[in-house]
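Structure record follows, encoded as structure tokens.
Being a predicted model, the structure only gives us computed values, none of them experimental. Note that these values count all heavy atoms, side chains included, but never hydrogens, waters or copies made by symmetry.
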Amino acid sequence: MKSDNIKLGSEKAPMRSLLKSSGLTDNQLRKPLIGIVNSFNEIVPGHIHLNTIARAAKDGVLAAGGTPLEFNTIGVCDGIAMGHEGMKYSLCTREIIADSIECMVKAHCFDGLVFIPNCDKIVPGMLMAAVRLNLPSVFVSGGPMLSIMDENGHYLDYNSVYEAVGAYKAGKIPLCELTRIENSGCPSCGSCSGMFTANSMNCLSEAVGIALPGNGSIPAVYSERVRLAKTAGERIIDLVQKNICAKDIITERSIRNALSVDMALGCSTNTVLHLAAICYEAGIPFNLKTINEISEKTPNLCKLAPAGGHHLQDLYRAGGVLAVMSELHKKELLDTEVLTVTGETLAQNLQGVKVKDYNVIKPVDAPYSPTGGLAILFGNLAPNGSVVKRSAVRKEMLTFTGKARVFDSEESAIAAIYGGEIQKGDVVVIRYEGPKGGPGMREMLSPTSAIAGMGLDSDVALITDGRFSGATRGAAVGHISPEAREGGPIAYVKDGDQITLDIPHYAISLDIGEEELAKRKAETSLKPLPQLKGYLKRYSAIVSSADKGAVFSAD
């Protein structure tokens with residue numbers, strides 16, 4: 001066992017002495033040492049209950065004959081960080097999380113790991129650490145928040161509150177209505193209740209095989225979530241005994257499965273960024289064009305918020321991620337021979353699984369769309385690619401041509417939107433918000449929600465070299481690469497330029513000639529970087545572009 005490096009032999013007496021000073025007995029030291037990687041904190045609603053999940057996971061480890069030892073990572077709430085300087089510190093925590101776990105695990109020689117993430121950057125950060133360390137690993141998230149029906153018959157969520165702000169700013173609702181929605185939008189602990197980034201990544205953890213069935217959809221407040229955590233603790237001992245490691249499960253084949261499920265579920269655009277980063281850590285080839293290839297043949301089976309009115313509790317009731325996979329399997333759209341942390345193949349996991357509600361999960365022969373929920377757009381405005389959540393775009397906006405309204409920051413764009421300066425037919429361009437240029441690649445939920453709340457999502461598009469929240473809906477194209485900071489074409493767009501989106505054909509274009517674009521490049525100075533210090537300064541210096549996953553790379 002890995003832990004033999006700190007347990008066996010006379011020369012390890014000092015290490016054993018330290019372990020015993022923590023209360024461990026000789027009997028405990030003879031067992032596998034299992035790291036319980038917990039992202040609990042008291043400010044994030046997705047994490048406030050994770051000590052309960054960790055206790056359950058430890059009970060499972062103990063029941064199966066292991067010794068659980070818990071340590072923590074940081075975890076930022078994207079929602080609380082949204083719309084101010086704090087959002088610069090969201091994506092960049094993914095690397096801190098992966099690095100800190102590496103340091104703890106390598107220093108202390110764990111034999112296996114149970115990862116307990118829940119919110120946006122914590123899940124991919126832990127997945128990156130899992131494949132980097134390549135130890136036996138199981139993921140069990142804290143689960144999604146509930147969505148409750150209000151007196152008007154609407155099921156509310158976090159995004160409802162943002163769109164209510166837009167409606168209030170437009171004079172469509174009074175302050176008391178905004179307050180009512182504020183008080184009801186997030187009614188329980190857990191990751192926000194739509195198919196936003198956290199739930200997207202928790203569902204894809206299940207789809208890729210590193211988490212047990214139910215991980216993505218069992219609500220946070222259900223006792224079944226606690227039982228799942230206990231089972232995860234039990235499973236890790238079997239994986240340690242059989243030496244089944246993270247990279248035995250997360251492979252090129254299982255990543256393709258995850259992408260297929262991504263398309264069927266209509267997951268967050270951030271999954272593209274995170275899957276690219278996970279593949280980078282695992283040494284798995286990742287090409288953005290592969291997403292379009294998979295999207296072309298994978299039907300969109302679910303319309304969960306923000307794309308539709310269903311939430312994660314509805315997906316759970318309908319059979320969860322496995323039920324979605326069972327539909328895809330009918331068309332042989334999955335590789336079912338891949339191994340999972342159940343100890344069995346996906347094919348074995350799918351035996352007897354059926355969809356329980358075809359209103360939530362459409363039949364594979366009668367989908368919402370014959371193509372997947374995400375699309376990667378290429379063109380002279382995004383030579384290296386960009387991403388849009390196609391399933392959350394109104395049909396009339398799938399092809400759209402409009403005039404550019406250019407902003408060099410999210411704040412200036414929000415001010416213009418709330419000030420009524422954006423008109424039908426505009427394309428809002430927000431630049432210098434990429435990984436290097438922000439730095440930190442902020443999410444643009446405030447402007448997209450304001451546009452939707454004001455009733456302009458049928459007439460206005462938004463593009464950015466930044467990111468979008470999984471809660472974003474509308475014709476919102478992010479991850480424009482190369483970013484403005486690196487001299488990408490988005491840096492040279494001018495007010496009034498014509499921009500065309502052709503999502504069905506995976507295209508985005510700035511409708512000017514090559515000579516004009518070259519002239520602008522020669523005449524335009526890029527916006528200087530702001531004065532930076534601390535982690536953001538280091539992050540900006542070494543982070544890669546969005547199309548490569550915004551990873552730390554020496555390439």
- [ ] Flag yes if more than 12 heavy atoms outside Lys403 fall under 6.0 Å of its NZ atom; otherwise flag no.
- [x] no

Open item on the list: Contact between Ile499 and Val493 at the side-chain level, heavy atoms closer than 4.5 Å - yes or no?
Closed with: yes

TODO: Given side-chain hydrogen bond (donor to acceptor under 3.5 Å, both in side chains), test Glu296 with Tyr506 step by step and report yes or no.
DONE: CA-CA 11 Å; Glu296 274 295 303; Tyr506 305 104; 2.5 Å; yes

Task: Side-chain H-bond candidate by donor/acceptor type, Thr197 with Asn270, under 3.5 Å - done: yes

Task: Test item: Val428 and Phe407 side chains (from C-beta on) under 4.5 Å apart, heavy atoms - done: yes

TODO: Mind running side-chain hydrogen bond (donor to acceptor under 3.5 Å, both in side chains) on Ser200 and Ser268 for me, showing each step along the way?
DONE: CA-CA 6 Å; Ser200 294; Ser268 164; 5.0 Å; no

Task: Point-to-point distance, once rounded to the nearest 0.5 Å, from OG of Ser540 to NZ of Lys436 - done: 5.5 Å

- [ ] Tell me, yes or no, whether the heavy-atom count around His84 atom NE2, taken from other residues, nucleotides or ligands under 6.0 Å, exceeds 12.
- [x] yes

Open item on the list: For a quick test of reading the model, state the closest non-hydrogen atom pair linking Asn134 to Ala246 and the distance between them.
Closed with: OD1-N, 3.5 Å

Task: Note, Thr271 side chain near Leu204 side chain (heavy atom, < 4.5 Å) - done: yes

- [ ] Using a cut-off of 6.0 Å, state whether more than 12 heavy atoms not belonging to Ile43 lie near its atom CD1.
- [x] no

Open item on the list: Asp457 vs Arg394, test: side-chain contact (heavy atoms from CB on, under 4.5 Å). Steps then yes/no.
Closed with: CA-CA 8 Å; Asp457 56 321; Arg394 289 181 179 272; 3.0 Å; yes

Open item on the list: If I take atom NZ from residue Lys121 and atom OG1 from residue Thr93, how far apart are they, to the nearest 0.5 angstrom?
Closed with: 7.0 Å

Open item on the list: Distance check, rounded to the nearest 0.5 Å: Met195 atom CE versus Cys203 atom SG?
Closed with: 4.0 Å

Open item on the list: Under 4.0 Å between a side-chain nitrogen and a carboxylate oxygen: does that hold for Arg256 and Asp335?
Closed with: no

Open item on the list: Using a 6.0 Å cut-off, check whether atom OH of Tyr418 has over 12 heavy atoms from anything other than its own residue.
Closed with: yes

- [ ] Just say parallel, tilted or perpendicular for the rings of Tyr158 and Tyr162, cut-offs at 30° and 60°.
- [x] perpendicular

Task: Asp511 and Gln498: side chain donor to acceptor below 3.5 Å - done: yes

Task: Residues Ser147 and Asp157: side-chain donor-acceptor under 3.5 angstrom - done: no

Open item on the list: Quiz question: by atom type and distance under 3.5 Å, do the side chains of Arg390 and Ser369 form a donor-acceptor pair?
Closed with: no

Task: Steps toward side-chain contact (heavy atoms from CB on, under 4.5 Å) verdict (Val477, Leu501) - done: CA-CA 9 Å; Val477 182; Leu501 306 182; 4.2 Å; yes

Task: Other residues, nucleotides, ligands: >12 heavy atoms within 6.0 Å of Glu523 CD - done: yes

- [ ] Kindly compute the distance separating OH (Tyr155) from OG (Ser193), expressed to the nearest 0.5 Å.
- [x] 11.5 Å

Task: Ile284 versus Ile250, closest heavy-atom pair with distance - done: CD1-O, 3.8 Å

- [ ] Decide side-chain contact (heavy atoms from CB on, under 4.5 Å) for Leu50 and Ser39; before the verdict, give the C-alpha distance in whole Å, the side-chain angles of both, and the deciding distance to 0.1 Å.
- [x] CA-CA 7 Å; Leu50 292 188; Ser39 53; 3.4 Å; yes

Task: Test item: Ser205 and Met126 side chains (from C-beta on) under 4.5 Å apart, heavy atoms - done: no

Task: Atom of Lys247, atom of Val131 and distance for their closest heavy-atom approach - done: CD-O, 3.3 Å

Open item on the list: Could you walk me through whether Val406 and Arg431 satisfy the side-chain contact (heavy atoms from CB on, under 4.5 Å) test, starting with their C-alpha distance in whole Å, then the side-chain angles of each, then the deciding distance to 0.1 Å, before giving a yes or no?
Closed with: CA-CA 8 Å; Val406 183; Arg431 61 193 181 191; 3.3 Å; yes

- [ ] Could you tell me whether Tyr539 and Phe552 have their ring centroids closer than 6.0 angstrom?
- [x] yes

TODO: Give the minimum heavy-atom separation between Ala198 and Cys119, together with the two atoms involved.
DONE: CB-CA, 3.6 Å

TODO: Please determine which of Leu288, Asn292, Asn287 meets the side-chain contact (heavy atoms from CB on, under 4.5 Å) test together with Thr290.
DONE: Asn287

- [ ] Could you tell me which non-hydrogen atom of Cys302 sits nearest to which non-hydrogen atom of Leu315, and how far apart they are?
- [x] SG-CD1, 4.4 Å

- [ ] Please confirm whether the backbone N or O of Ala264 pairs with a side-chain atom of Asp262, one donor and one acceptor, at under 3.5 Å?
- [x] no

Task: Any side-chain heavy-atom pair of Ile508 and Phe378 under 4.5 Å - done: no

Open item on the list: Tell me the closest heavy-atom pair linking Val44 and Gly75, and the distance in Å.
Closed with: CG2-O, 3.5 Å

Task: Any donor-acceptor N/O pair, Ser469 side chain to Glu443 backbone, under 3.5 Å - done: no

Task: Polar side chain donor-acceptor pair, Ser412 to Ser409, under 3.5 angstrom - done: yes

Open item on the list: Between Glu396 and Ser458, do the side chains contain a donor N or O and an acceptor N or O under 3.5 Å apart?
Closed with: yes

- [ ] Go through the side-chain N and O atoms of Ser509 and Asn380 and say whether any donor and acceptor fall under 3.5 Å apart.
- [x] no

Open item on the list: Classify the ring geometry of Phe139 against Phe115: parallel below 30°, tilted from 30° to 60°, perpendicular beyond 60°.
Closed with: parallel

Open item on the list: Could you tell me if the side chain of Thr399 sits less than 4.5 Å from the side chain of Ile503, heavy atoms only?
Closed with: no

Open item on the list: Hydrogens and angles aside, do Ser545 and Ser481 bring a side-chain donor and acceptor to less than 3.5 Å of each other?
Closed with: no

Open item on the list: Nearest 0.5 angstrom please: Glu163 CD to Leu156 CG, how far?
Closed with: 11.0 Å

Open item on the list: Assess, by modelled atom type and distance only, whether the side chains of Ser90 and Asp78 contain a donor and an acceptor separated by less than 3.5 Å.
Closed with: yes

Task: salt bridge (charged side-chain N to carboxylate O under 4.0 Å, His left out) between Arg442 and Glu411, worked out - done: CA-CA 11 Å; Arg442 290 191 289 180; Glu411 289 83 358; 2.8 Å; yes

Task: CD/Glu102: more than 12 non-hydrogen atoms of other groups inside 6.0 Å - done: yes

Open item on the list: Counting C-beta onward and ignoring hydrogens, is there a side-chain heavy-atom pair between Ser191 and Pro144 closer than 4.5 Å?
Closed with: yes

TODO: Kindly indicate, with the supporting measurements, whether the criterion salt bridge (charged side-chain N to carboxylate O under 4.0 Å, His left out) is fulfilled by Glu177 and Arg180.
DONE: CA-CA 5 Å; Glu177 175 67 1; Arg180 181 189 70 80; 2.8 Å; yes

Task: Heavy-atom check, side chain of Leu127 versus side chain of Ile210, under 4.5 Å - done: yes

Open item on the list: Applying side-chain hydrogen bond (donor to acceptor under 3.5 Å, both in side chains) to Thr500 and Thr401, what does each step give before you reach the verdict?
Closed with: CA-CA 4 Å; Thr500 296; Thr401 298; 3.0 Å; yes

Open item on the list: Tell me if the NZ atom of Lys521 is crowded by more than 12 foreign heavy atoms within 6.0 Å.
Closed with: yes

- [ ] Any chance you could measure Thr371, atom OG1, to Ile294, atom CD1, to the nearest 0.5 Å?
- [x] 13.5 Å

Open item on the list: Salt bridge check, Glu516 against Arg520: does any charged N sit closer than 4.0 Å to a carboxylate O?
Closed with: yes

